[in-house]
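Per chain, numbering begins at 1; letters A, B, ... match sequence-line order.
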Amino acid sequence: MFDALMLGNHWNEGAIMQRVFFPPAGLEKPLIGKQADCLDPTSEMLAAYSHKYAITKDPKDRRIADQIFEAILKLERVTGVDGLFARSYNKTDKPLWHEKVLWYNEWHRSTSMPEYRWLGDLSIDKFTSIFYGLGTYWELCADRAHKEQVAQLIDRFVGRIIDDNFKLTDLDGKMTLWGNLCPDLPHQALNSLIMLAGLKVAHKITGKERYSAAYHMLIDRYHYDDDQINSKLLFPKEWRNPGDDYHAARSLYMVMRYEEDPNLLIKYRMNLNRHWHDWKDMEFSFESSIWFIMVYQVLMDENVLNDHRIQTIKDMWGFDRKTRTFNVPQEDGTYKQVVAEEEGTAAAMIRNYWFGRYYNLIDENW
Amino acid sequence: MKTGNHNTTIMHFFSKHLGLLVFYVLGTFITFSQTLPKPPEPPKGMVYVPAGTFIMGSEIGDPDERPKHIASTKAFFIDRYEISNAEFAQFDPTFRFPEDKKSNAAVVTWSQADAYAKWAGKRLPTEKEWEKAARGTDGRMFPWGDTYDSTYVVWDQKSTRGTAIAKPESPYGCYDMAGGVWEWTNDWYQPYPGNQTPMEEYGETYKVMRGGSNFNNQSFLRTTQRYYLLPEDIRAYPVGFRCAKDIE
C-alpha cells in the first residue's frame, strides 16, 4: 500500500515528493510539497529499491530504482549547471502558488529545460541524501552503465564542492544558507562528518585520487576527523536534534563501511557512541529514529534489537494524511482559503523495511 | 610586582586620568601634552563609534565580501540592541506581537525599519557602519573574536535580545550583532570597490542585511557576511534592525 502511494501520489517523474496536496489546493495531480524538497524521500526510495533489488533480483524493482536515479540526474540537469543540484523541480512554465507561500522564494525558471521550474539553495542534508542514495544504488542495484553514470554524477557534484573550497554554492556564486563544509569558515562538527563521508563515497565510486587527497587534507591539515567526533550535541539536552542525527546516521553508515584505517574508524565509532548515548533511550517519534537503531546494529555488529524495538519496527506506519486549510494567493494579490488534504511521505518507512530485510534485522514473516 | 606590569599600570594611569598620550620607549616615558578629545555622550541605549578606518570585508567568505579593504567612517552612534517589539509598537500601535515577546527583536520590512528610524530621529546604519560597529578595527571574524561557540549568540529567535549565555559585546558595546535576527542596513546591494565578481543581483533592487539569524549556519554570523533581500519580503528571513545616529 505504501509503495503504491509513493509510486502514485508522490511520484514526480521519478522524484518522490515529501508532502503532497490534493485538489483543489494542488494541481490536477498532487505534485507539490510542503517544503517542496524532494531529495530526502527520493534518496530514501532509491535506497529502498536498491536494498529490495539486492534481495529479490527482480528486474521490475531495478527498473523503479533506475527511474528514481534518472530523476536525480534531472535534478542536476534542470539547473543548467554541472554539479549543481535542485532541491526539487516541477514541470510548469509559470510559478506555482506555493512557491511564495510554503517555502522561501528560491524557485527559478530552468534555462536548460524551459518547461520546468526548480528550487535552489541546496543544503548539506540534501548533499547527504545524494551520496547516501546514490552510494547505496551504486553498491546494490545499478548495472554497469548506470554505475558509470553514478560515478560521473558524483564526480561533477562533489568535484564542484571541492572547486568551491568545500561549499555548496548557488547560481549567484554565494554559499547557500546551509552549505558550509569549508575548512576556512566556522561550521558545525556535523558538517565535518558529512564532508568526510561525501568524499569517501566519491572516492569509492569514482576511484579518483582527488577525493582521497581532499579527504586526507581535511583530516591532516584541518582535523576534520577530530572535529566530527562531536557531531552530536549532547548537552544541554534541549539542543539534541534527531533531525541532525539522521544526517549523521546516513553519513556514518556510508563512511564506516568504506573506511579501512583503524585509527579513523575509532574516531567514527566515538561519534556513533555519542549518538548511541541518546538513541538508546529515544522515543521513536518519527520513522527514521528506529532506523538509527538498525544502523547502529549493522555498524557495530551488536544485537540491540530488544522486544520493544522489534515491536516498534513491526508497528512502523508511513501513512500521514490530514485535512488542512491553505492560503492560496490569487492573481489579484488577495488570498483565498482552500481546504484540501495533505499526504506525507512513507519513503523512510519503506527504506527502513528493505534495509532491515537486507541485513536480516526484519523477518519476512513479521 | 614585576617591572612590566608596574609600567603598564603607570601608563594606564597617565592615559586614563590625565588625558595624555604616553609612550614608553627603552625605559623612558615620552609624554605628549595633547589632550584627547572626550567622546560625546551617546543617547540612551546607543554606543559611540569613533571616526576612523577599519578592516572591511573578507577573503575567505563569499565573493561579494571581497576584497578585504580599509574603509573609513565618521563617528556615529548606534543602538546597543536591536529594536524590540515593544519599542516598535510605540511607533506603530497596529504592530502585533505575542504579549510575552515584548523584548524580542521586531521582525519588520525595510520600509518599516526605515520609517521607525526616522520617527526616532535616527537612521538605518550603512553597511560600513554596521560592520565597524560589529568588528571594531582589528578585522575580527565575530563581534567577540575569531572563534565560535553557540553560547555566544542568541541562537533562537524566540529568545529575547541580549540573552546569549556568554553575553558577548562587540568592541564598541553592541549586543547580538551575530545571530538572533538579521539586521537591515540602509544600503543597496552593491559590489565593494575593486570587486571583480559579476552578480546580477547588484544594483538597487535588494537591500543588504547583516548578522545572520537562528536559521543560518555559523558562517553566516560572521561580521563580514552580506546577504541581499527584497526590501519588503521578509517571509523567509527573520530581519530586524538597529538604528544609527549622526553626531552633530
Side-chain angles (χ1 to χ4, degrees), chain A residues 35-36 98-108 111 119-125 127 164-192 194-195 222 227 230 233-236 238-241 244 247 327 329 333 335, chain B residues 58-66 140-142 144-153 155-156 158-159 165 178-179 182 189 191 195-202 206 208-209 212-230 232-239:
Chain A
Q35 287 193 324
H98 67 286
E99 292 184 10
K100 282 192 175 294
V101 178
L102 295 173
W103 189 237
Y104 54 100
N105 191 15
E106 294 279 354
W107 284 90
H108 308 274
T111 51
L119 181 63
D121 204 27
L122 196 73
S123 49
I124 58 167
D125 53 332
F127 171 44
D164 286 337
N165 194 20
F166 304 93
K167 298 172 194 168
L168 302 180
T169 56
D170 223 330
L171 270 188
D172 61 6
K174 287 173 72 67
M175 184 168 67
T176 61
L177 278 179
W178 290 100
N180 181 11
L181 304 150
C182 176
D184 295 326
L185 296 172
H187 58 260
Q188 284 90 333
L190 172 62
N191 301 23
S192 294
I194 289 172
M195 190 67 247
Y222 297 103
D227 193 37
N230 292 325
L233 278 177
L234 284 171
F235 307 106
E238 57 267 28
W239 287 9
R240 297 180 185 182
N241 182 350
D244 280 351
H247 316 318
N327 285 317
Y335 288 83
Chain B
S58 165
E59 296 297 327
I60 61 170
D62 281 340
D64 61 359
E65 297 171 41
R66 294 173 196 155
R140 60 184 61 184
M141 188 182 292
F142 295 107
W144 53 84
D146 286 331
T147 57
Y148 178 84
D149 189 280
S150 293
T151 66
Y152 299 175
V153 300
W155 184 248
D156 190 336
K158 288 178 249 174
S159 303
I165 293 169
W182 288 93
Y189 184 54
N195 182 288
Q196 301 294 323
T197 307
M199 281 194 65
E200 63 182 52
E201 289 81 6
Y202 286 145
Y206 300 97
V208 176
M209 55 181 188
S213 76
N214 59 318
F215 189 58
N216 298 128
N217 73 68
Q218 295 165 6
S219 177
F220 276 39
L221 311 183
R222 292 175 303 115
T223 53
T224 56
Q225 174 71 32
R226 312 173 74 199
Y227 218 81
Y228 57 86
L229 194 64
L230 290 169
E232 306 308 309
D233 186 358
I234 54 170
R235 178 170 44 88
Y237 300 91
V239 198

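For the pair A:Asp184 and B:Ile60, the tightest heavy-atom approach, listed with the atom from each and the gap, is O-CD1, 3.2 Å. When all heavy atoms of B:Phe220 and A:Leu177 are compared, the closest pair comes out as CE2-CD2, 3.3 Å. Contact detail for B:Pro63 and A:Gly173: the closest heavy-atom pair is CD-O, 3.6 Å. For the pair B:Ser219 and A:Met175, the tightest heavy-atom approach, listed with the atom from each and the gap, is OG-CE, 3.6 Å. Taking each heavy atom of B:Met141 and A:Pro186 in turn, the nearest pair found is SD-CD, 3.6 Å.
Considering only heavy atoms from C-beta on, A:Gln188 comes within 4.5 Å of B:Asn217 through its side chain.
Counting heavy-atom pairs under 4.5 Å between each of B:Asp62, B:Asp64, B:Leu230 and chain A puts B:Asp62 at the top. With chain A as partner, the option from B:Glu200, B:Glu201, B:Arg222, B:Gln225 having the largest number of non-hydrogen pairs under 4.5 angstrom is B:Arg222.
Interface residue B:Tyr228: only side-chain heavy atoms are found under 4.5 Å from chain A.
At most 12 heavy atoms of other shown residues, nucleotides or ligands fall within 6.0 angstrom of atom CD in B:Gln196.
A distance-only check finds a donor-acceptor pair linking the side chain of A:Lys174 to the backbone of B:Arg226 [under 3.5 Å].
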